[in-house]
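Take a look at the structure below.
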Amino acid sequence: MKGGGSLFLAGAAAIWAAGLAAALGTAVWVGGFGFGVLMAMVLAAFVALLHLLFLGLPAFLILGMLGPVRWWQAGLVGILVALPLPLFLQGVHPRAPGIPAEALAGLLWFCGSGLAGGLAFRAVYGAGNTRA
């Protein structure tokens, strides 16, 4: 490791950022803060933890073997890691005649959380780190 943060701290920052982004997105969607926003943050943090462990860290370690991970790569991986879940949950696929507003909102909610998590991971772990 070349003078950056640890994987543990970077993962914690990613989970926190994804949960916070989800809470803010929910607050905007429902028009205020309340118990539902807190529950959205807890749910998003749990989902972010699972995504981090099973998809994000392996993707980051593979990218790290290829060279330094840049901020745009971390953000893109965050979006791509978050993308399958809303597509699976809401049944959106390319053959659908139209995408309902709820599906689009869910897609933006998850991808925004993934983007925030990926960028937070990269910010804490550091640009110069190539592998754990």
Side-chain angles (χ1 to χ4, degrees):
M1 186 163 65
K2 297 179 186 174
S6 71
L7 279 175
F8 177 78
L9 291 177
I15 292 167
W16 176 253
L20 187 59
L24 291 174
T26 303
V28 168
W29 183 261
V30 300
F33 289 95
F35 184 72
V37 173
L38 177 63
M39 291 307 298
M41 184 173 181
V42 170
L43 174 66
F46 178 72
V47 170
L49 172 66
L50 295 176
H51 277 85
L52 175 74
L53 291 176
F54 296 111
L55 299 172
L57 276 178
F60 181 78
L61 293 174
I62 289 170
L63 278 176
M65 286 189 276
L66 301 174
V69 178
R70 292 169 175 69
W71 67 268
W72 64 268
Q73 291 171 324
L76 183 62
V77 166
I79 291 172
L80 293 176
V81 164
L83 189 59
L85 190 60
L87 296 179
F88 173 74
L89 289 178
Q90 298 185 9
V92 177
H93 51 81
R95 293 181 298 236
I99 299 175
E102 293 82 15
L104 186 58
L107 188 69
L108 292 174
W109 189 77
F110 277 98
C111 289
S113 296
L115 175 65
L119 292 177
F121 186 93
R122 165 48 173 73
V124 171
Y125 193 63
N129 292 318
T130 56
R131 58 174 96 172

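As the structure is a computational prediction, the values presented were derived from the model and not from experiment. Only this structure's heavy atoms are used, side chains among them; waters, hydrogens and symmetry mates stay out.
Taking 4.5 Å as the limit, some side-chain heavy atom of Trp16 sits within range of a side-chain heavy atom of Met41. Side chains of Leu52 and Phe121 form a contact here, defined as non-hydrogen atoms less than 4.5 Å apart.
Criterion: ILVMFWY side-chain heavy atoms under 4.5 Å apart, direct or through other members. Under it, Leu43 and Met39 are not part of a common hydrophobic cluster. Hydrophobic cluster membership differs between Leu108 and Leu115, with clusters built from Ile, Leu, Val, Met, Phe, Trp and Tyr side chains linked at under 4.5 angstrom. The hydrophobic clustering, which links ILVMFWY residues whose side-chain heavy atoms are closer than 4.5 Å, places Phe60 and Leu119 apart. Leu53 is connected to Val69 through a chain of hydrophobic side-chain contacts under 4.5 Å among Ile, Leu, Val, Met, Phe, Trp and Tyr, so both are in one cluster.
Partners of Ala12 under the side-chain contact (heavy atoms from CB on, under 4.5 Å) rule, at least two apart in sequence or in another chain, do not exist in this structure.
Among all heavy-atom pairs drawn from Ala18 and Ala44, the shortest one is O-CB, 4.1 Å. Across Ala14 and Gly117, no two heavy atoms sit closer than the pair CB-O, 3.2 Å. Listed here is the closest heavy atom pair of Tyr125 and Ala10: CB-CB, 3.7 Å.
Its side chain outside the 4.5 Å cluster rule for every partner, Val42 clusters with none of the Ile, Leu, Val, Met, Phe, Trp and Tyr residues.
The line from CG of Leu24 to CH2 of Trp109 is 11.5 Å long, rounded to the nearest 0.5 Å. Rounding to the nearest 0.5 Å gives a distance of 12.0 Å between CG of Leu63 and CZ of Arg122.
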Ignoring hydrogens and angles, write down the donor-acceptor pairs under 3.5 Å from the side chains of residues 75-88, residues two or more places apart or on other chains.
none

